[in-house]
There are 2 protein chains.
Amino acid sequence: MPVELTASQALNLWHSVSLEQVRVDNRDLTLRQISILLHIYLVPPPHTVRGLAGILGVTKPVITRALDTMGDLGLVTRSRDERDKRNVIIKRTVDGALYLEKLGDLIIDQGRKLSI
Amino acid sequence: MPVELTASQALNLWHSVSLEQVRVDNRDLTLRQISILLHIYLVPPPHTVRGLAGILGVTKPVITRALDTMGDLGLVTRSRDERDKRNVIIKRTVDGALYLEKLGDLIIDQGRKLSI
DNA sequence: CCGAAAAGAAACGCTTCCGTAACGGTCTGA
DNA sequence: TCAGACCGTTACGGAAGCGTTTCTTTTCGG
């Protein structure tokens, strides 16, 4: 079920959503953080630091720091993998799900408002 | 010509585009910078520092700094308004247009790839 | 003609992010 | 069993962002 967009629609959608996100959200996540958050919530678990680093093409400390920040915001949680105690399993939270639900609504709303 | 998206499509689209943007682009613009860039290129000029600050709901130095950064990257230019020399007019560049063209293509591509 | 207002930039101290490198805890296979 | 690999975190110096405040230039009304 592909979504067909014109160049104008694509950029206008991105524009309006980004703008609203900047205006409404004081948390100001970076693009990397948003990518990580979306990945955790949209791709089946388990998620590890190393795995995320590989997928995003960044170093491990970047993931650790992003998880620190988003952990403080209550958007994700971490816990040791009891089967292999070297690993850390990244888990979802209610607040994180809520955050993405709002983002989804925003995208849908702005998509509906598109003209041209 | 509205675009109707399901919640799943909206978030998956945002996910895949953000992910590709992180992977491909080493410039790593913030969400604010992206908003400013899109605004400059999608909304008819003239654009001023004060105007952008009001639209994004941020302070003027935020805009000045963002323009400094994106100016260094060649994505925008500034020049004094000769009619009112207090103002600075923000202008588009070839590189900036190219950058957004690629972003638009990325959004369109990822939209086409959507399943479910 | 001059003082107030406006616009943008610069300065300041602070926070957060970055990449590289080093570190401890855990596993594993020779 | 233990040396090496693996995993995530922490440390470090540096770069860039933030909001507030101050400054310079320019405009404009009385």
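Side-chain atoms are counted along with the backbone in the values below, which use heavy atoms only and exclude waters and symmetry mates. Just so we're clear, the structure is a prediction, and the values are computed from it rather than from any experiment. Chain identifiers are assigned alphabetically (A, B, ...) following the order of the sequence lines, protein sequences preceding nucleic acid strands; residue numbering begins at 1 within each chain.
Across the protein-nucleic acid pair, A:Arg32 atom CZ and D:dG17 atom P stand 13 Å apart, rounded to whole Å. Here D:dC6 presents its C1' atom at 14 Å from CG of A:Asp81, a figure rounded to the nearest Å. Straight-line distance from the CG atom of B:Leu56 to the C1' atom of D:dC18: 15 Å, rounded to whole Å. Protein atom CD1 of A:Ile34 is 13 Å distant from nucleotide atom P of C:dC17, rounded to whole Å. C:dT26 atom P lies 19 Å from atom CZ of A:Arg50, rounded to whole Å.
Residues from residues 82-89 of chain B that place a heavy atom under 4.0 Å from any atom of DNA chain C, listed by number: B:Arg86, B:Asn87, B:Val88. DNA chain C is contacted by B:Arg78 of residues 65-78 of chain B, taking any non-hydrogen atom closer than 4.0 Å.
With respect to B:Asp109 and B:Lys102, no salt bridge is recorded, no charged nitrogen being found less than 4.0 Å from a carboxylate O.
Considering only side-chain N and O atoms, B:Gln33 lies under 4.0 angstrom from the phosphate OP1 or OP2 of D:dG17. Of the side-chain N and O atoms in B:Thr64, none sit less than 4.0 angstrom from OP1 or OP2 of C:dG8.
A donor-acceptor distance shorter than 3.5 angstrom exists from the side chain of A:Asn12 to the backbone of A:Ser8, with no hydrogens or angles considered. Under a 3.5 Å cut-off, the side chain of A:Thr48 and the backbone N or O of A:Asn87 do not form any donor-acceptor pair.
The side chain of A:Thr59 sits closest to C:dT20 out of C:dT20, D:dG19, C:dA7. In this structure, the nucleotide among D:dG19, C:dG8, D:dG8 sitting nearest to the side chain of B:Lys60 is C:dG8. Minimum atom distance to the side chain of A:Thr48 is reached by D:dG8, of the listed D:dG19, C:dG8, D:dG8.
Looking at B:Val43 and B:Ile55, their side chains never come closer than 4.5 Å, going by heavy atoms from C-beta outward. Proximity of A:Ile90 to A:Ile36: side-chain heavy atoms (C-beta onward) are nowhere separated by under 4.5 Å. Considering only heavy atoms from C-beta on, B:Gln33 stays 4.5 Å or farther from A:Val22 through its side chain. By the 4.5 Å heavy-atom criterion applied to side chains, A:Ser18 and B:His39 are not counted as neighbours.
No contact: B:Val58 has no heavy atom under 4.0 Å from any strand.
Checked options B:Leu5, B:Ile108, B:Leu13; the residue passing with A:Val3 is B:Leu5 (criterion: side-chain contact (heavy atoms from CB on, under 4.5 Å)).
Take the nearest nucleotide of DNA chain C for B:Pro61 and for A:Val62: the residue whose nucleotide is more 5' is B:Pro61.
The heavy-atom pair separating B:Arg86 from B:Arg80 by the smallest distance is O-NH1, 3.0 Å.
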